[in-house]
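Computation of the quantities below employed the complete heavy-atom set of this structure, encompassing side-chain atoms and omitting hydrogens, waters and symmetry-equivalent molecules. Below, read A as the first sequence line, B as the second, and so on, with proteins coming before strands; counting in each chain starts at 1.
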Number of protein chains: 2
Amino acid sequence: MLKRTADQIYETLLKRIVDGNLRPGDSLGEQATAEEFGLSRTPIREALQRLSNAGLAERGSRRAFVVRRMDQSELQDLFEALGELEALVARLAALRMTEIERHALRDVVAEGEAPGVDYEAVNARFHEILRRGARNAMLSSLLDDLHRRTMPWRGAQFRARADRVTSSQAEHRALLEAVLAKDGDLAHLRMREHMAASMRVVSELIGI
Amino acid sequence: MLKRTADQIYETLLKRIVDGNLRPGDSLGEQATAEEFGLSRTPIREALQRLSNAGLAERGSRRAFVVRRMDQSELQDLFEALGELEALVARLAALRMTEIERHALRDVVAEGEAPGVDYEAVNARFHEILRRGARNAMLSSLLDDLHRRTMPWRGAQFRARADRVTSSQAEHRALLEAVLAKDGDLAHLRMREHMAASMRVVSELIGI
DNA sequence: GAGCGCCGATCTGTATACATATCGCAAGTG
DNA sequence: CACTTGCGATATGTATACAGATCGGCGCTC
């Protein structure tokens, strides 16, 4: 099946938002965007509507879309929801992962402790193995959605704070131990601690 | 702001799906639907795309939308995700609700135990009070989405099984006691039991 | 009878035109 | 100077036309 233009535009705009190149409140006008891409408004409209459905765009003045803004309360709810869902997934994963998967997780934690590692990539793989280990596509999908919505705020935490890498490594190892012990409740607790720590750093960075 | 035609069509089609008047696999063709409503394809397209984004429609033959179908595995993931999220919300609610809200919950449970009550409506209000009590708009929104997706399968459980009402009443009371005791972990457990019981009934009804 | 290929019907995708809703700003009035 | 009103510019909403992708079914061959 051919790739639809609207889907391509959606992915392009999504990446700009997630990378921070489009900021909350930035205009996502149909006409201006259509001109930028040299297309008619139709696929642009669909892409913008998808972004809105995904919680990444909202209507501003004159019904024109803008990148979704969030006040403090909304951000806190979003981060809390993400944290609680990651913890839920960690608990299920601790109970359901195969031995091979647990070893893969251990290897990723070890890799994350090597000097000069791309920690953001390692962190992503760590969370990805847990998600797969939870054995629930719906939860995984929900987490993808929430994760995407927090990206504009979260990406900076490792770049801006070198000491955050060190504490994250320790948190990963604590969670790994819970997983290797097949202790769902402990995995749940460790993930909540890990996510709470990430949220504190992000809160400081964005001035909450 | 005027109500958009596309939004009205979305709500109409959503209601048909949720009420079971449109079944999984039923066609949602653009042209046929446009003719039914006497409109052009444009607002119909948008409404169908919103349904797809909400997980209620999917592309079938020739890229035409149909009501979303789910196999056993997907249904199980969906119900498990819903159950776990309701339990998460129950735990937060047990810790965060005001005394007034706890009393309102108690009143709803008592009302649900009266003879001849519309139990489906009472059940909805019971869950709604808990959602509000969790103090997290994002979790509430996620639950709304999941809830909407399970409606085609879940609505029948009270109608088809009179004894399910009795057991649900007992489950509600057990959860209420956890909430009145401000015991988040117990509320969490009780809600998971409640949702697991609902899932068993629904599984039997739909032949999983 | 089974399998393969082709064609026409059936869909959606996108472009564009027209209608109109939604403001922002300027002018007038108190 | 502040407030209100009206108008024009700027957006989107919807209708419709055209292009083409996606099949299902039929006919032919082995």
Side-chain angles (χ1 to χ4, degrees), chain A residues 1-17 21-71 149, chain B residues 1-17 21-71 74 149 152:
Chain A
M1 190 181 277
L2 269 178
K3 184 122 184 194
R4 299 165 78 254
T5 307
D7 292 340
Q8 289 172 323
I9 302 299
Y10 169 79
E11 286 164 17
T12 299
L13 295 175
L14 173 62
K15 186 169 172 18
R16 289 183 188 177
I17 294 173
N21 289 323
L22 277 170
R23 315 290 297 177
D26 281 357
S27 175
L28 289 166
E30 287 182 9
Q31 266 171 310
T33 310
E35 281 165 19
E36 181 198 338
F37 288 98
L39 298 167
S40 83
R41 284 170 48 219
T42 312
I44 303 297
R45 272 171 63 76
E46 183 181 326
L48 296 180
Q49 278 158 1
R50 273 187 69 189
L51 285 171
S52 173
N53 292 336
L56 291 156
E58 65 185 349
R59 292 197 184 270
S61 182
R62 290 198 184 100
R63 286 178 169 170
F65 281 117
V66 299
V67 180
R68 174 73 181 271
R69 294 159 293 201
M70 285 195 197
D71 58 29
R149 292 174 73 169
Chain B
M1 190 182 278
L2 268 179
K3 186 122 183 191
R4 299 166 77 255
T5 306
D7 291 340
Q8 289 173 323
I9 301 300
Y10 169 81
E11 286 164 17
T12 300
L13 295 175
L14 173 63
K15 186 168 172 17
R16 288 184 189 176
I17 295 173
N21 289 323
L22 276 170
R23 315 291 297 181
D26 280 358
S27 175
L28 289 166
E30 288 181 11
Q31 267 169 312
T33 309
E35 282 166 18
E36 181 198 336
F37 288 98
L39 297 166
S40 82
R41 284 170 48 218
T42 314
I44 303 299
R45 274 171 62 76
E46 184 181 324
L48 296 180
Q49 279 158 0
R50 272 187 69 189
L51 285 171
S52 174
N53 292 337
L56 291 156
E58 66 184 351
R59 292 195 184 271
S61 183
R62 289 196 185 101
R63 286 178 170 171
F65 281 117
V66 299
V67 180
R68 174 73 181 270
R69 293 159 295 201
M70 284 193 198
D71 57 31
E74 290 171 312
R149 293 174 72 169

- Query: Taking C-beta and beyond as the side chain, do V66(A) and D26(A) meet within less than 4.5 Å on heavy atoms?
  - Reply: no
- Query: Between K3(B) and E11(B), is there a side-chain N and carboxylate O pair less than 4.0 Å apart?
  - Reply: yes
- Query: Between atom CD1 of I9(B) and atom OG1 of T42(B), what is the distance when rounded to the nearest 0.5 Å?
  - Reply: 12.0 Å
- For Q31(A), answer base if it contacts any base atom (sugar-phosphate contacts may also be present), sugar-phosphate if it contacts only those atoms, and nothing otherwise; contact means non-hydrogen atoms under 4.0 Å. base
- Considering residues at least two apart in sequence or located in another chain, which fulfil the salt bridge (Lys or Arg N to Asp or Glu O under 4.0 Å) criterion with R4(B)? D7(B), E46(B)
- Contact boundaries of DNA chain C with chain A (under 4.0 Å, heavy atoms), 5' to 3'? dG13(C) to dG24(C)
- Item | Sidechain-backbone polar pair: S52(B) side chain, L48(B) backbone, donor-acceptor under 3.5 Å | no
- Message: Within residues 3-13 of chain A, which residues have any heavy atom lying less than 4.0 Å from an atom of DNA chain D?
- Response: none
- Query: With a 4.5 Å limit on heavy-atom distance, are the side chains of Y10(A) and L51(A) in contact?
  - Reply: yes
- CG/L56(B) to CZ/R50(B) distance, rounded to the nearest 0.5 angstrom? 11.0 Å
- Under a 3.5 Å cutoff on both atom distances, Watson-Crick or G-U, what's the dot-bracket for DNA chain C ([ ] crossing, | other strand)? ||||||||||||||||||||||||||||||
- Query: Of E30(A) and T42(A), whose closest DNA chain D nucleotide lies nearer the 5' terminus?
  - Reply: E30(A)
- Task: Specify the residue among L2(A) and S40(B) whose closest nucleotide of DNA chain D lies further upstream toward the 5′ end.
- Result: S40(B)
- Would you say T12(A) and F37(A) make side-chain contact, with heavy atoms under 4.5 Å? yes
- Task: Taking all heavy atoms of A6(B) and all of P43(B), pick out the closest pair and write down the distance.
- Result: CB-O, 3.6 Å
- Query: Can you tell me how far CG of L13(B) sits from CG of L28(B), rounded to the nearest 0.5 angstrom?
  - Reply: 6.5 Å
- Working to the nearest 0.5 Å, report the span between CZ of R23(B) and CZ of R16(B). 14.5 Å
- Contacts of type salt bridge (Lys or Arg N to Asp or Glu O under 4.0 Å), residue E58(A), not counting sequence neighbours: R68(A), R69(A)
- To the nearest Å, how far apart are R41(B) CZ and dC18(D) P? 14 Å
- Taking NZ, NE, NH1 and NH2 as the nitrogens, is one of them in R63(A) or E30(A) under 4.0 Å from a carboxylate oxygen of the other? no
- Residues from residues 47-65 of chain A sitting under 4.0 Å of DNA chain C, heavy atoms only? S61(A), R62(A), R63(A)
